[in-house]
Number of protein chains: 2
Amino acid sequence: MTQLLRVQNFTVSTDGVAAGEDQTLERPFGGHVDPGRLFSWAGATASWPNRTDPGGSRGLDDYMTRDFAHNIGAEIMGRNKFGPQRGPWEDHEWQGWWGDEPPFHTPVFVLTHHERPSITLSDTTFHFVAGDPAAVLGQAREAARGKDVRLGGGATTIKEFLDADLVDTLHVAVAPVELGTGIRLWDSPDDLRDRFHLDVVPSPSGVTHHLFWRK
Amino acid sequence: MTQLLRVQNFTVSTDGVAAGEDQTLERPFGGHVDPGRLFSWAGATASWPNRTDPGGSRGLDDYMTRDFAHNIGAEIMGRNKFGPQRGPWEDHEWQGWWGDEPPFHTPVFVLTHHERPSITLSDTTFHFVAGDPAAVLGQAREAARGKDVRLGGGATTIKEFLDADLVDTLHVAVAPVELGTGIRLWDSPDDLRDRFHLDVVPSPSGVTHHLFWRK
């Protein structure tokens with residue numbers, strides 16, 4: 001069984017922006033980016049991990065959110081997805097944005113050149129690793145015990161793994177929001193067509209799902 | 001956690017026909033219905049259970065086929081999905097269409113008024129049960145141990161459970177084939193709009209996925 005490297009539920013604006021450059025503790029997606037607007041499609045679904053009531057839609061968008069953890073055994077994320085700090089860790093108090101019950105439920109490999117001991121919160125363990133994309137993917141595959149590995153973002157991390165030709169499938173939701181400036185995943189989804197098949201699937205919710213798989 | 005009753009990957013023609021009336025051992029879908037044409041969308045995907053090579057698409061249609069077993073703990077099927085026999089079982093040699101490794105991997109409840117002992121083939125056990133839809137669903141829910149129950153078809157069985165208002169979600173793929181006569185699931189998908197939300201999602205493969213969930 002192949003172990004895939006999969007991007008899932010990654011959301012960008014119509015102009016390809018995933019987040020602002022000016023991340024802070026208060027504005028994890030940067031000053032001009034409202035994650036509520038980008039991710040409203042996902043928050044409306046029955047399978048959204050943060051849902052606290054029993055409602056939610058069970059149409060197309062829910063196929064996307066309920067596939068998030070399906071056959072996933074580990075995640076790789078960039079340091080800026082884990083937190084707003086830069087440079088050496090000043091202390092180890094910061095344990096990510098997600099509180100005591102992170103929504104990953106697997107080992108998570110956080111890319112950083114600055115050493116730090118692993119943290120376990122409920123059934124998620126964060127490991128802090130340096131190394132090139134291929135080496136980190138090797139560690140994550142071993143930890144995933146035969147299951148697939150999710151590439152969690154942000155955009156810079158996804159581009160690094162795309163540049164190294166390590167990504168097998170990408171699901172990118174393009175939200176009906178224009179952001180103008182920020183960290184861009186792409187100029188256009190067509191940038192990836194040379195290496196990937198692409199299904200473009202408009203959802204009744206207003207987002208357009210882009211489903212890529214390696215040629 | 002709610003245990004849903006889910007129809008998945010059920011495929012009909014543009015005129016709502018799922019199978020012919022004249023099922024035989026040689027033509028399980030009836031004389032004028034070629035299942036290869038109806039199901040080619042599913043057979044082309046990476047997650048199709050009968051796939052023997054490592055290829056296949058990983059776009060929209062693959063979300064549908066890979067969700068087939070996700071969180072499913074039991075299936076309910078009509079007798080005609082299990083085999084072409086009618087009336088009392090003449091012998092117990094027939095064990096379904098699927099050989100030694102049926103693609104269900106859970107308990108399966110086959111609706112029949114004619115008694116027969118259960119059969120276990122690999123990790124699938126077929127139970128032969130009489131009773132109204134609500135009673136059979138109760139048995140299947142108990143066997144599913146907290147997971148959802150799949151309603152496997154055929155069209156007559158799905159209509160019985162719809163009439164009893166027991167179905168929570170339906171995924172029906174409408175294939176670009178016109179059949180004219182046969183066993184019909186509906187005159188139009190709009191027939192269900194009074195009780196269900198509906199996302200209509202055309203796939204690049206030519207089928208149109210209809211995703212219903214209860215209002």
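Computed from a prediction, not measured in an experiment: that's the story for all the values here.
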Please classify the contact between [X] and chain A as side chain, backbone, both or neither, with a heavy-atom cut-off of under 4.5 Å.
X      : answer
B:L198 : neither
B:S205 : neither
B:R214 : neither

Centroid-centroid distance, A:F212 to A:W186, less than 6.0 Å: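 Under 6.0 Å, so yes.
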Is it the case that the side chains of A:T124 and A:W98 hold a donor-acceptor pair, with the cut-off being a distance below 3.5 Å and no angle test? no
Just by distance, with hydrogens left out, do A:S47 and A:D62 show a side-chain donor and acceptor under 3.5 Å apart? yes
Atom pair CD1 (A:I72) and NE2 (A:H70), whose distance is rounded to the nearest 0.5 Å: 9.5 Å
Might you point out which heavy atoms bring B:L5 and B:R150 nearest each other, and give the distance in Å? CD1-C, 4.3 Å
Comparing B:S203, B:S57, B:P54 against chain A, the one with the most heavy-atom pairs below 4.5 Å turns out to be B:S57
Choice from B:D61, B:V200, B:D199 maximising heavy atom contacts with chain A below 4.5 Å: B:D199
Just give me the residue among A:L60, A:V201, A:L4 that pairs up with chain B most often, heavy atom to heavy atom, under 4.5 Å.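 That would be A:L60.
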